Amino acid sequence: MSEVKVKKETNICEPAEIENRIKALCQQFPHGITDEVVQNDMPHLDPRQRAAAINKLLSLGVLDLLKNSSGLLYRLKDATSASKMKGSDNQEKLVYQIIEDAANKGIWSRDIRFKSNLPLTEINKILKNLESKKLIKAVKSVAASKKKVYMLFNVQPDRSVTGGAWYSDQDFESEFVEVLNQQCFKFLHDKAESAQDSTQSPMMQRSTSFATSHQIWKYISELGISKVELSMDDTETILDTLVYDGKVEMTVMVAKEGTAGSVDGRIKLYRAVNALVAPTGLVKTPCGLCPVFHDCHQGGEISPSNCVYLDQWLDF
């Protein structure tokens, strides 16, 4: 029994066997492994042999070295990333890996500095080098127009970065949004009038006056008024503004499997409505809808004398 045990331990101490086992562990845990994971898997392995195997895999570009709150992580390197970063030093590889982990939301240079523990001057140098190689790109964020986030060159930025269809070069396209708002309401208004003019029963008239968000999205897409491709979510965002304005009502119904525009077995329906009671004079003023109305007083940080919305309403 003792001979068999010694033979097993001797086999696992072969450098190639150790490296293969570490790679297998990385495949089992794609988010990365720690030294502790390797140690627990091969408890009889000499620490120097473990370190030698890991260092060899790092030098060959098989593993990536990462840092988190727990310490160092070793992760199997993607083959395409390895070819792109050929010839780069470890610091450049580390910065590239941090940016890759940020995916389509990107990451600020300040956060790269925090995660890499590198000096800001060195990070700026690395970022310029990676940009010149077209491995990464800098994108302006609508959340902070004076700051740039970095992401991989071929990654499409997330809506939270670009602002989606409503922004162009960091500027909010208010006129574009207004046109979409009008066209969505026109579609629903025409559908409601068509239903009302029919000879159907009142209940059927009400039912046929509804339209799904998918139908409205299709109508807007076919109009060709948008230079960018609008999604269903974009259309529903516009429809939400109509709901808030009291021009449209929305309801949710259970949908059959495969119904166009349905999400998780439910579908949103919209229809144009007429206000039952005309709004009072106070509601028509900015004060009637102001969310900080109770904090507004003369001499305060929010006051009628410095309210731009009140000035605009009075000028109108």
Side-chain angles (χ1 to χ4, degrees), residues 19 21-41 50-51 53-164 167 170 231 233:
E19 293 163 19
R21 184 56 193 160
I22 292 173
K23 287 191 285 185
L25 287 172
C26 288
Q27 290 175 340
Q28 187 178 350
F29 302 98
H31 293 294
I33 61 172
T34 62
D35 279 316
E36 188 178 359
V37 172
V38 181
Q39 185 178 354
N40 290 339
D41 186 76
R50 182 174 71 247
I54 291 173
N55 287 334
K56 184 178 178 181
L57 291 172
L58 287 170
S59 63
L60 292 173
V62 177
L63 297 184
D64 277 324
L65 178 61
L66 307 173
K67 287 183 181 180
N68 68 358
S69 57
S70 304
L72 295 176
L73 279 178
Y74 307 105
R75 190 171 69 181
L76 209 58
K77 185 185 286 291
D78 182 59
T80 56
S81 297
S83 61
K84 288 179 182 178
M85 296 303 295
K86 189 175 181 180
S88 300
D89 58 29
N90 288 333
Q91 290 183 341
E92 197 167 282
K93 289 177 181 177
L94 177 61
V95 172
Y96 179 87
Q97 189 62 58
I98 291 170
I99 295 172
E100 185 178 28
D101 291 341
N104 62 348
K105 291 189 176 179
I107 185 169
W108 291 344
S109 56
R110 180 193 63 186
D111 294 330
I112 297 174
R113 180 185 179 186
F114 175 77
K115 290 190 174 185
S116 65
N117 289 327
L118 294 173
L120 187 58
T121 52
E122 185 65 27
I123 289 172
N124 290 334
K125 180 181 176 182
I126 292 171
L127 291 174
K128 287 181 180 179
N129 191 30
L130 291 174
E131 280 188 275
S132 67
K133 293 179 180 178
K134 294 192 180 299
L135 294 175
I136 66 168
K137 60 183 175 183
V139 180
K140 288 183 179 180
S141 173
V142 294
S145 58
K146 293 183 179 180
K147 292 183 179 180
K148 296 182 291 186
V149 294
Y150 294 90
M151 60 186 66
L152 297 190
F153 188 78
N154 294 322
V155 170
Q156 186 67 26
D158 186 75
R159 289 169 58 91
S160 61
V161 177
T162 63
Y167 284 81
Q170 315 307 308
S231 66
D233 288 338

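Nothing fancy with the numbering, it's 1 onward along the sequence. Every value quoted in this text rests on a predicted model; they were computed, and no experiment measured them.
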(request) Taking the side chain as every heavy atom from C-beta outward, state whether Asn90 and Leu94 have any atom pair closer than 4.5 Å. (result) no
(message) Between Gln39 and Glu36, is there a side-chain donor-acceptor contact under 3.5 Å, judged purely by atom types and distance?
(response) no
(request) Heavy atoms only: give me the nearest Ala138-Lys148 pair and the separation to one decimal. (result) CB-CD, 3.9 Å
(message) Show the nearest heavy-atom pair for residues Leu25 and Val38, with the distance to one decimal.
(response) CD1-CA, 4.2 Å
(request) Please name the residue in the list Gln91, Lys93, Glu131 that meets the side-chain contact (heavy atoms from CB on, under 4.5 Å) test with Ile126. (result) Gln91
(message) Return the OG1 to CZ distance between Thr34 and Phe29, rounded to the nearest 0.5 Å.
(response) 9.5 Å
(message) If the threshold is 4.0 Å, N to carboxylate O, is there a salt bridge linking Arg75 and Asp101?
(response) yes
(message) Less than 4.5 Å apart, side chain to side chain, heavy atoms only: is that true for Leu135 and Leu152?
(response) no
(request) Nearest 0.5 Å please: distance from the CG atom of Asn55 over to the CG atom of Leu63. (result) 10.0 Å
(request) Please examine the side chains of Tyr74 and Asp35, heavy atoms only from C-beta on, and report whether any two atoms are closer than 4.5 Å. (result) yes
(message) How long is the straight-line distance from NZ of Lys137 back to CZ of Phe153, given to the nearest 0.5 Å?
(response) 7.0 Å
(request) Not counting sequence neighbours, which residues clear side-chain hydrogen bond (donor to acceptor under 3.5 Å, both in side chains) with Asn129? List them please. (result) Glu92
(request) Kindly compute the distance separating SG (Cys26) from CG (Leu73), expressed to the nearest 0.5 Å. (result) 9.5 Å
(request) Kindly write out the residues that satisfy salt bridge (Lys or Arg N to Asp or Glu O under 4.0 Å) with Lys128, not counting sequence neighbours, or none if the list is empty. (result) none
(request) Answer yes or no: is there a side-chain heavy-atom contact under 4.5 Å between Val149 and Lys105? (result) no
(message) For the CD1 atom of Ile33 and the CD1 atom of Ile54, what is their distance to the nearest 0.5 Å?
(response) 6.5 Å
(message) Let's go through Lys56 and Glu19 carefully: what are the C-alpha distance in whole Å and the side-chain angles of both, what is the deciding distance for salt bridge (Lys or Arg N to Asp or Glu O under 4.0 Å) to 0.1 Å, and is it a yes or a no?
(response) CA-CA 8 Å; Lys56 184 178 178 181; Glu19 293 163 19; 3.6 Å; yes
(request) Taking the side chain as every heavy atom from C-beta outward, state whether Tyr150 and Ile99 have any atom pair closer than 4.5 Å. (result) yes
(message) Are Lys23 and Leu76 packed together at the side-chain level, in the sense that at least one heavy-atom pair is separated by less than 4.5 angstrom?
(response) yes
(request) Drop me the distance from Ser116's OG to Ile123's CD1, to the nearest 0.5 angstrom. (result) 4.0 Å
